[in-house]
Amino acid sequence: MEVPMMTRDNPVPNGREVERSISRRRLLAWSGTALLAGVAGCSGTNNLGSETESPTGTSSPPADSAFEGVDYTGPNLVVTLAEDHDVDRLNLIAPDGSTFEQTTVAEGATQVEMQIVFKTGDTYSAGEYDLVAVSGESSESMTVELQPEIQVVDVEPEFDEEDGYSSGRLFVTVENVGTGPTWVYNIGFQNAPYRNAPQVIDGVADTTFEQPEDSDKEFLSPETQRTFLKRRGVLVIDDIDDVSCEGDTAELTVVVQTPHGDIEQPIRAQLSGGYHVDDQGAIQHPCREVQIELVEGGEQDA
């Protein structure tokens, strides 16, 4: 079991991080301006900057709407307002009718951020939310679907830069193909041959990744792909194990853990080439050559 950590020590850059924007699939619906302004409740105010990911394909609101669109950056919902808006406050209303988040709008501001994913708890629950723009005694709302969906799209072995042999560690690339941001707080492995491989943990805790180095990139916005690497080895073979580095196959499961549920992806590792030359004197050894295949049959606990 790994001990949760809040800092990163001696990160090793490897240039394998992937972050990209694909086509947006926002399900947004604008209602009229008939809502009353007195939406009660406040769970915090968050104005955390203005850098957003590329908005493409977002549905267009009515021409006279105060809203121009929404997007996401990291853990934040980013709301863009019309230049001539008179919005005083934004309320994000949960599916149960309670106020999940609320923030005031500074005079003249056309972009406002509301944090909706938190490492310390209080992350939103998946569902349809009402985003309400309050202007004096009137208001306007739009429906925002917040439904993250994480998929493991690639698992690759890490190879030593000097001799080109496997280190026993695994790069895991995940993609959020849903409509809401989430946080990858841990990646564990079930049935790994190495007894000290990263484990699946109970509850939300901040664990240490070798990659990404920046902990803010553990947040995964919609339609974003990123590669993760844990510090410990996974495909490390003991002399008494049932599998060896002489052409055997190891079957194990990658488990990506988020506050919205765990995602399981079975993989098959073909091990060959004998032990890594640098570890001949060790009891446990990574194999020289590793090939990974994704296997159907994963589960989602969201």
Residues D86 and S135: side-chain donor-acceptor under 3.5 angstrom: yes

Expected output: side-chain N176 to main-chain L220 donor-acceptor under 3.5 Å: yes

Distance-only donor-acceptor check, side chains E145 and T179, under 3.5 Å: yes

Atom pair CG/CG of D71 and N76 - distance to nearest 0.5 Å: 11.0 Å

Hphob cluster co-occupancy, V254 + L294, side-chain heavy atoms under 4.5 angstrom: yes

Backbone of T173 reached by a side-chain donor or acceptor of D154 within 3.5 Å: no

Joint cluster assignment, F189 & V236, ILVMFWY side-chain distance < 4.5 Å: no

Y194 with Y165, same ILVMFWY side-chain cluster at under 4.5 Å: no

Heavy-atom pair with the smallest gap, counting every atom of Y185 and P259: CE2-N, 3.8 Å

Test side-chain contact (heavy atoms from CB on, under 4.5 Å) applied to L235 and S166, step by step: CA-CA 9 Å; L235 297 174; S166 166; 5.7 Å; no

Co-membership, hydrophobic cluster, residues V243 and I267, 4.5 Å side-chain: yes

R288/D163 ion pair, N-O < 4.0 Å: no

Minimal non-hydrogen separation, D248 against Q270, with atom names: O-NE2, 3.6 Å

Nearest heavy-atom neighbours spanning F228 and V184: CZ-CB, 3.7 Å

Shortest non-hydrogen separation from P148 to T182 and the atoms involved: CB-CB, 4.0 Å

Note: E175-R226 ion pair, threshold 4.0 Å (strictly below): no

Check: I93 main-chain N/O paired with T99 side-chain donor or acceptor under 3.5 Å: no

Under 3.5 Å: donor-acceptor pair, side chain of E156, backbone of I292: no

Non-hydrogen atoms of Q190 and V255 that approach each other most closely: CD-CG2, 3.8 Å

Verdict with reasoning, R195 to D238, per side-chain contact (heavy atoms from CB on, under 4.5 Å): CA-CA 9 Å; R195 66 175 66 93; D238 194 296; 3.3 Å; yes

Ring centroid separation H260 to Y124 under 6.0 Å: yes

Check: E128 side chain, D130 main-chain N or O, donor-acceptor pair, under 3.5 Å: no

Pairs touching residues 92-189 that satisfy disulfide bond (SG atoms under 2.5 Å apart), sequence neighbours left out: none

Counterpart residues, salt bridge (charged side-chain N to carboxylate O under 4.0 Å, His left out), relative to E293 (two or more places apart): R268

N/O donor-acceptor pair under 3.5 Å between H85 side chain and G108 backbone: no

Approximate separation, where rounding is to 0.5 Å, of T224 OG1 and K217 NZ: 11.0 Å

Charged tip of K119 within 45° of F219 ring normal and under 6.0 Å: yes

Considering all heavy atoms, the nearest M114-T103 contact: CG-CG2, 3.8 Å

Disulfide bond (SG atoms under 2.5 Å apart): pairs with one or both residues in residues 77-141, sequence neighbours excluded: none

Spacing of NZ belonging to K230 relative to CZ belonging to R169, to within rounding of 0.5 Å: 11.0 Å

Atom pair CG/CD of L229 and E158 - distance to nearest 0.5 Å: 5.5 Å

Between S65 and E140: side-chain donor-acceptor atoms closer than 3.5 Å: yes

Common cluster, V234/F159, ILVMFWY with side-chain heavy-atom separation under 4.5 Å: no

Evaluation steps, side chain to side chain donor-acceptor pair (under 3.5 Å), between Q265 and T253: CA-CA 5 Å; Q265 174 60 58; T253 299; over 6 Å; no

